[in-house]
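Every value quoted in this text rests on a predicted model; they were computed, and no experiment measured them. All residue numbers in this chain count up from 1 along the given sequence.
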Amino acid sequence: MRSRKNTKIIKRTVTYVILILGLIWTVFPLYWMVKSSFTVANEMYVARPKMFQFTATFDHYIDLIQNAGFLTNIKNSLIIAGITTVVGLIISIFASYAMTRLKYPGRKFFSGSVIVSYLLPTAVLFIPMYIFVSNLGLAGSRWAMLIIYPTFVVPYCCYMLRSYFTSIPYALEESALMDGCTRLQTLRYIIIPIALPGIAVVATFAFTMSWNEYLYAMIMTTSQAEMTATVAISSWKYGDIINWGRIMAGCVVASLPVTIIYIIAQSMLVSGKADGSVK
């Protein structure tokens with residue numbers, strides 16, 4: 001008995017140690033980013049910066065707003081990510097429903113092509129995309145991303161929602177159809193309310209993907225007023241000179257919208273609503 005008890009204690013201790021180390025590994029970069037954003041410039045460039053002791057200042061945030069014009073870049077990212085998420089969800093909900101519920105020739109090929117298009121790397125597509133938006137007269141404009149971003153957001157949303165729609169019992173839809181509902185009414189009143197947790201998850205990740213995208217945004221935008229937040233932050237490195245204070249403050253501000261989105265969507269990230277609907 002004592003040996004079993006000691007074994008359990010050892011396993012529990014090892015588990016706690018691993019969890020604590022993992023927590024430190026995850027939280028420390030965030031702490032250092034926030035700390036650096038409030039640290040005066042002359043303390044950031046010393047050979048051995050102190051871990052916890054620093055002189056606090058808001059100069060980096062003031063510089064971020066007054067001199068860098070970062071709020072304009074945040075607004076660009078919010079507009080692009082928000083519209084892309086809404087458009088991507090609308091297209092993906094209809095496409096996923098068609099792939100899981102309707103029977104038509106080429107359904108398997110269409111489903112497979114969605115996955116293949118999602119797996120294509122952006123480094124392969126950015127030259128054709130640039131030529132395409134240039135022909136549309138949108139080169140150098142932030143509105144070009146509204147055409148480009150759905151090309152990788154929609155396949156991702158379709159891939160995720162398709163598996164979630166498949167898990168919804170078809171008996172619910174059959175009952176609605178027998179009661180006189182059309183396909184669109186069934187989708188609106190039966191499928192979407194049940195799939196709301198999955199839609200919330202997909203919307204959160206779609207917004208994050210659009211918000212964090214860098215390669216397309218860097219290539220398509222040239223002026224500071226058209227840049228997204230990620231591109232603006234990377235532009236504050238001038239050769240060998242790196243404005244770490246402004247960069248860290250910009251990273252803190254840029255992480256707030258995504259954090260707020262996750263907090264808002266947290267209450268919806270609960271699965272199992274369909275379980276109670278068939279009891």
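One finds the CG atom of Leu64 at 13.5 Å from the CZ atom of Phe58 (value rounded to the nearest 0.5 Å). Taking CD of Gln185 as the reference point, atom OG1 of Thr182 lies at 3.5 Å (rounded to 0.5 Å). To the nearest 0.5 Å, atoms OG (Ser210) and CD1 (Ile148) are separated by 12.0 Å.
Apart from Phe52 itself, the hydrophobic cluster it occupies contains Phe28, Tyr31, Trp32, Met51, where clustering links Ile, Leu, Val, Met, Phe, Trp and Tyr at side-chain heavy-atom distances under 4.5 Å. The hydrophobic cluster around Ile20 extends to Ile24, counting ILVMFWY residues whose side-chain heavy atoms fall within less than 4.5 Å of a member. In the hydrophobic clustering, Val116 connects to no other residue, as no ILVMFWY side-chain heavy atoms lie under 4.5 Å from its own. Annotation for Leu71: hydrophobic cluster partners, listed by chain and number, are Ile65 (ILVMFWY side-chain heavy atoms under 4.5 Å, direct or chained).
Salt bridge status for Arg183 with Glu173: present, with a side-chain N to carboxylate O gap under 4.0 Å.
Phe38 and Tyr61 have their aromatic ring centers within a separation under 6.0 angstrom. Note: Phe70 and Trp236 meet the aromatic proximity criterion, with ring centroids under 6.0 Å apart.
Using a 4.5 Å heavy-atom cutoff, the side chains of Ile80 and Arg142 are in contact. Contact check for Ser234 versus Met218: no side-chain heavy atoms found under the 4.5 Å cut-off. Contact check for Thr84 versus Met145: no side-chain heavy atoms found under the 4.5 Å cut-off. Phe132 places a side-chain heavy atom less than 4.5 Å from the side chain of Ile147. Leu78 places a side-chain heavy atom less than 4.5 Å from the side chain of Phe207.
Summarising the geometry of Ala176 relative to Thr186, their closest heavy-atom pair is CB-OG1, 4.0 Å, with the distance given to 0.1 Å. Across all non-hydrogen atoms, the minimal contact from Lys35 to Thr39 is O-OG1, 2.6 Å. Among all heavy-atom pairs drawn from Leu138 and Trp143, the shortest one is CD1-O, 4.4 Å. For the residue pair Thr221 and Glu226, the shortest heavy atom distance occurs at CG2-O, 3.3 Å. Considering every non-hydrogen atom in both Met220 and Phe126, the closest pair reads CE-O, 4.1 Å.
A donor-acceptor contact closer than 3.5 angstrom is absent between the side chains of Thr230 and Glu213. Side-chain contact annotation: Thr204 with Tyr262, donor-acceptor N/O pair under 3.5 Å absent.
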*Might you work through the side chain to side chain contact (heavy atoms under 4.5 Å, CB included) test for Leu21 and Ile18, ending with a clear yes or no?*
CA-CA 5 Å; Leu21 291 176; Ile18 294 175; 5.7 Å; no
Which side-chain N or O atoms in residues 242-260 pair as donor and acceptor under 3.5 Å with protein atoms at least two apart or in another chain?
{"residue": "Asn243", "atom": "OD1", "partner": "Arg246", "partner atom": "N", "Å": "3.3"}
{"residue": "Arg246", "atom": "NE", "partner": "Asp63", "partner atom": "OD2", "Å": "2.7"}
{"residue": "Arg246", "atom": "NH2", "partner": "Asp63", "partner atom": "OD1", "Å": "3.0"}
{"residue": "Arg246", "atom": "NH2", "partner": "Asp63", "partner atom": "OD2", "Å": "3.0"}
{"residue": "Ser255", "atom": "OG", "partner": "Cys251", "partner atom": "O", "Å": "3.2"}
{"residue": "Ser255", "atom": "OG", "partner": "Val252", "partner atom": "O", "Å": "2.7"}
{"residue": "Thr259", "atom": "OG1", "partner": "Ser255", "partner atom": "O", "Å": "2.7"}

Atom pairs and distances, side-chain donor-acceptor, residues 153-160, under 3.5 Å, sequence neighbours left out:
none

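In terms of modelled atom types and a separation under 3.5 Å, the side chain of Asn73 and the main chain of Ala225 share no donor-acceptor contact.
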